[in-house]
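Below is one structure; the comments refer to it alone.
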Amino acid sequence: MLKKNILIDLSSGVHTRIAAMIVLKASEIKSKYNVNLYLKKLNSNSEPFGISMLALLSLKIKQGDSIELSSREENDRAQKALNEMYDFICEDLISNNNMSQIDELIEQNTIANEQIISNMPIGILVVDTNSRIVTINNYSLNLIKKSPSEVYGKYVKDIIPTSDLPLVIKEKKRQIGKVQHIEDKIVIANRTPILGKNNELLGAMGIFQDISEVIGIKELNEKLNKILEASHDLICFVDEHRKLSYLNPAYENYFNINKDIFLGSDLKDISPKGLRMKVFKSKEKIENILHKKGKTRVVSTIEPIFIDKEFKGIISISKPLSEMKDLLNKLEKSQEEIEYYKDEIRRQANLTKSFKDIIGNSGSLKEVLYIAEKASISSSTVLIRGESGTGKEVIAKSIHYNGTRKNKPFVRVNCAAIPENLLESELFGYEKGSFTGALKSKPGKFLLAHGGTIFLDEIGDMPVSMQVKLLRVLQEKEFESIGGIKTQKVDVRVIAATNRDLESMIKDNTFREDLYYRLNVINITLPPLKDRKEDINLLVEHFIEKLNKSLNKNVRGITRDCILYLEKYHWPGNIRELENIIERAMNMCDGNLITPKDLPFHITNISSKNDSLINLVNGELLSLEEYEKEIVKIAMKKYGSYNRAAKALGVTHRTVSLKCKKYNIE
């Protein structure tokens with residue numbers, strides 16, 4: 001390349017008149033030697049411009065600046081052309097600068113025009129015939145987030161990949177109202193070629209505006225951008241000129257590409273035989289097609305875009321096959337959860353959900369409820385102990401539904417009812433293919449209970465091998481499903497229950513001591529029904545009301561002698577047994593009152609000596625208070641203390657104390 005440097009010593013620099021004279025001389029030299037000359041500011045990073053009015057004025061050459069005059073050819077003609085232009089600028093322009101008043105007027109006019117263009121509230125971008133940027137205003141610079149030094153002299157598509165100005169220069173045709181993506185903005189652009197007096201091409205200009213600034217569209221545009229950016233689908237737009245105009249972040253991340261490299265590229269150069277090209281040509285939609293893209297397989301829907309029946313390009317929406325498989329697996333797991341919750345809802349429909357629904361006024365029950373209520377506002381592990389049928393699950397539910405986790409799942413597992421070889425998969429789930437018959441993945445009960453409570457009933461029947469894995473969940477809050485390689489974190493509150501003697505089991509090495517202490521943070525021991533017989537009457541009333549609905553009966557109550565029979569029974573099956581007996585009695589009952597004949601034989605089969613328990617006076621019954629007074633007096637006489645008398649009568653010592661006070665018994 002041939003070069004010559006020139007120091008500009010013009011007081012007004014290279015303004016419009018000087019630029020015009022240089023351009024005319026360059027045209028003359030071109031005709032004479034058939035050589036193109038180029039010019040740029042010395043030491044600038046921009047490429048040399050072909051000599052044109054647009055290029056020269058864009059350089060804003062001032063007095064004292066140095067310019068580099070060059071030719072890309074290296075021959076005698078090029079050397080002569082370069083020398084002639086050098087002499088013209090140095091001698092005819094710099095030495096004969098004698099039109100100062102006219103130059104000042106032109107300079108003022110140029111400055112005014114530059115300020116107008118720079119501050120207009122729309123984007124203005126001008127390129128020369130080589131599609132290099134010669135003018136760009138502040139609006140455009142702000143939109144592309146670049147400084148003037150980063151763009152002047154650069155090929156326009158290197159700065160704005162979606163620009164169509166090179167096409168406008170090539171075809172010399174205007175473009176009106178075109179939608180264009182610039183950075184993260186959508187703009188409406190008008191483009192036009194710049195033609196001289198004799199229709200010669202001087203360059204091209206683009207005028208554009210961010211549509212978000214148009215009244216009523218800003219909010220819509222923001223929402224559209226957020227939707228596209230947040231979508232997990234791989235979205236691609238191709239405009240009507242077959243150029244890639246938009247790729248969303250999911251597309252970039254999945255294929256690990258930089259959109260700036262691909263935006264503005266011709267679809268023909270990227271994927272000439274792909275589905276997008278097929279739709280672009282046919283203008284017909286392709287839906288849910290499984291195909292290979294790169295090294296991966298995706299499912300795509302591609303359709304043409306028409307606005308007012310005019311073709312405006314295509315949109316492609318794809319989803320990775322692996323992601324769809326994950327969604328199917330999640331759907332299967334969700335279906336499992338739904339089925340489980342359906343079963344739980346059916347099973348729990350008539351069960352109580354708060355402490356106020358627990359029936360009984362005995363002192364021993366109230367003490368239990370006090371502890372349970374304190375436990376409900378905590379997230380600590382609870383161990384509920386008591387005989388079979390005392391209502392351990394009801395207490396567990398009440399703790400859950402009275403606490404902060406009440407809106408999260410309550411999942412029940414009966415450790416005694418599940419075979420040992422299935423218990424692990426029931427608690428922790430399994431992955432598809434982890435064993436013969438595992439045709440699909442299944443979530444375990446711990447995963448179903450995430451955020452809520454898991455109730456491990458009959459914990460004393462859990463095998464020692466499973467106790468180790470349960471201990472890990474309690475300590476680390478994590479587990480692995482059968483066949484799984486990923487550790488799953490869970491937030492689950494554990495409530496355990498048992499009717500077994502865990503302390504003896506620890507001595508026999510059938511229950512782990514470390515697990516026992518992990519479970520036994522809050523201990524609740526439910527009293528058997530035989531120790532709270534004063535609650536029997538209330539429980540019977542509750543069961544009658546409840547069972548009337550399910551049995552379609554209209555039983556109004558139970559006779560007093562039936563209650564006496566029930567209070568004398570020792571209740572090995574506790575409350576569950578009482579409910580079953582009342583249900584049986586209601587089925588046997590012919591009227592609207594349960595009588596002794598409706599009770600089972602083992603309840604009413606009282607020995608003959610028991611007939612003397614009730615003394616009649618002249619064949620008539622006394623009042624209940626009279627019999628109560630007599631019973632308490634005999635008990636105190638026999639046992640001599642409130643505690644011993646209360647234990648014999650099956651009530652609390654406080655009850656005996658109050659009765660003695662009421663009846664003046666010493």
Side-chain angles (χ1 to χ4, degrees), residues 3-33 35-44 46-71 81-118 124-137 148-149 151-154 156 169 193-205:
K3 300 179 183 178
K4 279 183 176 289
N5 297 336
I6 303 171
L7 176 65
I8 301 299
D9 195 22
L10 297 167
S11 60
S12 299
V14 178
H15 52 71
T16 306
R17 179 177 65 80
I18 299 297
M21 293 174 70
I22 293 174
V23 171
L24 285 173
K25 187 63 179 179
S27 179
E28 178 187 324
I29 291 173
K30 167 75 173 176
S31 300
K32 185 176 179 180
Y33 298 107
V35 173
N36 288 314
L37 296 177
Y38 298 88
L39 189 148
K40 74 166 189 173
K41 272 188 177 181
L42 195 63
N43 300 323
S44 73
S46 66
E47 295 290 325
F49 285 102
I51 297 177
S52 69
M53 284 294 292
L54 291 174
L56 282 172
L57 293 176
S58 72
L59 290 176
K60 298 179 181 178
I61 301 169
K62 299 176 182 178
Q63 185 179 23
D65 289 342
S66 293
I67 62 172
E68 178 187 277
L69 188 66
S70 62
S71 169
L82 191 65
N83 291 339
E84 189 170 330
M85 176 58 80
Y86 178 85
D87 293 341
F88 172 77
I89 294 174
C90 292
E91 296 175 7
D92 293 354
L93 292 181
I94 297 176
S95 300
N96 300 308
N97 184 26
N98 56 1
M99 299 181 68
S100 59
Q101 290 183 341
I102 295 175
D103 289 347
E104 185 177 345
L105 183 62
I106 291 173
E107 179 69 9
Q108 288 178 353
N109 187 61
T110 301
I111 292 172
N113 287 336
E114 287 178 354
Q115 289 181 0
I116 291 170
I117 291 172
S118 180
I124 297 177
L125 178 64
V126 181
V127 298
D128 65 10
T129 52
N130 297 315
S131 296
R132 296 190 177 276
I133 297 172
V134 296
T135 299
I136 185 168
N137 70 343
S149 62
V151 300
Y152 276 111
K154 299 294 176 64
V156 67
I169 288 174
I194 302 173
L195 303 175
K197 184 177 180 180
N198 297 320
N199 213 35
E200 73 272 20
L201 184 68
L202 303 178
M205 177 175 66

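In this text, all values refer to a predicted model and were calculated from it rather than measured experimentally.
In the displayed structure, Lys30 atom NZ is contacted under 6.0 Å by more than 12 heavy atoms of other residues, nucleotides or ligands.
Shown here for Leu37 and Ser71, the closest heavy-atom pair between the two residues is CD2-CB, 4.0 Å. In terms of heavy atoms, Tyr38 sits closest to Pro48 at CB-CB, 3.8 Å. In this structure, Ser66 and Leu7 approach most closely via the heavy-atom pair OG-CD1, 3.6 Å. Across all non-hydrogen atoms, the minimal contact from Ser70 to Lys3 is CB-CG, 4.1 Å. Closest non-hydrogen pair, Phe49 versus Gly153, comes out as CZ-CA, 3.4 Å. Of all the heavy atoms in Lys25 and Glu84, the pair that sits closest is NZ-OE2, 3.2 Å.
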_Test side chain to side chain contact (heavy atoms under 4.5 Å, CB included) on Leu125 and Val151; report intermediate values, then the result._
CA-CA 11 Å; Leu125 178 64; Val151 300; over 6 Å; no
*Output, in order, the C-alpha distance, side-chain angles, deciding distance and verdict of side chain to side chain contact (heavy atoms under 4.5 Å, CB included) for Ile51 and Leu69.*
CA-CA 10 Å; Ile51 297 177; Leu69 188 66; 4.2 Å; yes
_Audit row: Ile6, Ile8, side chain to side chain contact (heavy atoms under 4.5 Å, CB included) steps and yes/no_ = CA-CA 6 Å; Ile6 303 171; Ile8 301 299; 4.3 Å; yes
*asked:* Pair Ile169, Ser131 - check side chain to side chain contact (heavy atoms under 4.5 Å, CB included), show working.
replied: CA-CA 8 Å; Ile169 288 174; Ser131 296; 3.6 Å; yes
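From Met21, atom CE reaches atom CD1 of Ile89 across 10.5 Å, with rounding to the nearest 0.5 Å. Here Glu200 contributes atom CD and Leu195 contributes atom CG; the two are 8.0 Å apart, rounded to the nearest 0.5 Å. Atom CD1 of Ile194 sits about 9.5 Å away from atom CG of Asp128, to the nearest 0.5 Å. Between Leu39 atom CG and Ile22 atom CD1 the span is 7.0 Å, to the nearest 0.5 Å. Rounded to the nearest 0.5 angstrom, Tyr33 OH and Leu82 CG are separated by 11.0 Å.
For Thr129, the side-chain contact (heavy atoms from CB on, under 4.5 Å) partners are Leu201, not counting sequence neighbours. Take Tyr152 and apply the side chain to side chain donor-acceptor pair (under 3.5 Å) test, not counting sequence neighbours, and it matches no residue.
Side chains of Lys41 and Asn43 form no contact here, defined as non-hydrogen atoms less than 4.5 Å apart.
A donor-acceptor pair is defined here as one N or O able to donate and one able to accept, closer than 3.5 Å; no such pair exists between the side chain of Asn130 and the backbone of Arg132.
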